[in-house]
2 protein chains.
Amino acid sequence: MLFKLAVDCIILAYDPLDNHLKVLLIQRENEPAKGHWALPGGFVDQSEDFAATAARKLRQETGVTVSYLEQVRAYALTDPTAGQRLASVSYYALLDLAHYAPATDRSHLAQWVPLVHLPTLPFDHGLKVQDAWQRLQEAARNQPVPFHLLPPKFPLNQLQRFYEALYQVPLDNRNFRKWVKGLPYIEPLEEVETNVSHRPSRLYHFKAAVYATFRQAAQLTPY
Amino acid sequence: MLFKLAVDCIILAYDPLDNHLKVLLIQRENEPAKGHWALPGGFVDQSEDFAATAARKLRQETGVTVSYLEQVRAYALTDPTAGQRLASVSYYALLDLAHYAPATDRSHLAQWVPLVHLPTLPFDHGLKVQDAWQRLQEAARNQPVPFHLLPPKFPLNQLQRFYEALYQVPLDNRNFRKWVKGLPYIEPLEEVETNVSHRPSRLYHFKAAVYATFRQAAQLTPY
DNA sequence: TCAAAAGTGTTTAAAGTACACCCATGT
DNA sequence: ACATGGGTGTACTTTAAACACTTTTGA
């Protein structure tokens, strides 16, 4: 029994303008579901592994190069075209929105959609987005997820709003800032925001090297 | 580009005799790596999904019916046989060792191996076992994993030793028991162990219905 | 009576939670 | 001067961590 193997990409970004986590959808150019908004993706080519396929499709279909790509899981297609079977492996990709600069001739074929307002998608793409979101939530407990989605220099409130968007809970501002102060790998800079019509916020940045040693030392409670 | 799709099963059980988490390995009957100890598994058949394939292979190769089957992830085979490519999806299965009763004609072809003393395995099976173990550790933080691996009635110390085996850390006995007392879904029975040459331990059991409502109420800290 | 594992409380430290006002900037 | 979001501290509650002896059974 032979399979065609597809890769689906759940490209995620955080939009600081409306504080939403968003997924990039493209308008399908081919049947089935031609013209519908769906996840970018495609078939695995000769001598590529899955992650390479995902990265290639991202470039081709969205003009995007991502810093972070993780497998979510494999899916057996529920409705196989008779005779030949299809399976797919989905990956989520994390992106700083500021770095999103698609080829202009394609930009009208792509849109960012908030996860909380996800429309009905063809195939099982809706499920795949939900699975990816859940995996991202889990990953963020053990890995420095936020810093792939935020710009290199960010104010603390932006980090807080990201967490609120990721887990869909409100966080207490004072307690959140207290928590961050205890993290050696999030460092305040001398710099502040400019050109805002309110008190400018101080910028922080993530120190990957410090994080690495810190994580190693941390022992999670087992139960 | 077409793929042959295989499923690998990481069958896990907890052995109360030596307090080890163990994986079931079988002796391969076919090339490649014929005669070597490896994970059970096989190719996905017509009109099966992955989980069904995993369950079927478990029955065929080990005579085991499992209560719990979760996908770990998909792997692109690192060394594809020229021309045709191979991918695999691995599943972990949880089993109460007391229920392990393989067909006798096959039993010499299978052995339980402690995760902490895993030998070098052919293909990338060693990696797959490690990945499955890690996923099990993560799953156990949000799901009632232990109760698939323990008998229906179990003493508390057995539960503690299971956690110690799963996370490879020693736990404080008094603090652990205090923690369990606070869980409404682990209920003491009137029954105790018999025929042990020391103070018999009280037996407990897991109440799935209580767990369901309890989990729903629980809000994990987001960061 | 001995060996072997089961069972039991208290004290201290750390982490989490609730809560309301002043600050710095642009307009 | 005002509108806007940034920034700050304290008291209380809950959870985690350290730690040693007594109990019950079979041999």
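As the structure is a computational prediction, the values presented were derived from the model and not from experiment. Below, chain A is the first sequence line, B the second, and so on; all start at residue 1.
- Cation-pi geometry between Lys128(A) and Tyr75(A) is met: under 6.0 angstrom from the ring centre, within 45 degrees of the axis.
- Rounded to whole Å, atom C1' of dA27(D) lies 12 Å from atom CG of Asn195(B).
- Contacts of Val196(A) classified as side-chain contact (heavy atoms from CB on, under 4.5 Å), with partners at least two apart in sequence or in another chain: Glu193(A), His198(A), Pro200(A).
- We find that CD of Glu193(A) is positioned 7 Å from P of dG6(D), with the value rounded to whole Å.
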Assess whether side-chain hydrogen bond (donor to acceptor under 3.5 Å, both in side chains) is satisfied between Glu164(A) and Asn19(A), documenting all intermediate values.
-> CA-CA 9 Å; Glu164(A) 293 175 327; Asn19(A) 304 323; over 6 Å; no
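- Spacing between atom NE2 of His198(B) and atom P of dA5(C) amounts to 6 Å, rounded to whole angstrom units.
- The pair Lys153(A)-Glu191(A) counts as a salt bridge, with a side-chain nitrogen and a carboxylate oxygen less than 4.0 angstrom apart.
- Between Ala93(A) and Val66(A), the shortest heavy-atom contact is CB-CG1, 3.8 Å.
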Scan nucleotides 7-13 of chain C nucleotide by nucleotide, 5' to 3', and note B when protein non-hydrogen atoms come under 4.0 Å of the base, S if they reach only the sugar-phosphate, - if neither.
-> BBBB---
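- Nucleotide dG6(D) holds its C1' atom 14 Å from the CZ atom of Phe176(A), rounded to whole Å.
- We find that CD of Gln160(B) is positioned 9 Å from P of dA6(C), with the value rounded to whole Å.
- Here the P atom of nucleotide dG7(D) and the CD atom of Gln158(A) are 12 Å apart, to the nearest Å.
- For the pair Arg135(A) and Asp131(A), the salt-bridge criterion is not met [side-chain N within less than 4.0 Å of a carboxylate O].
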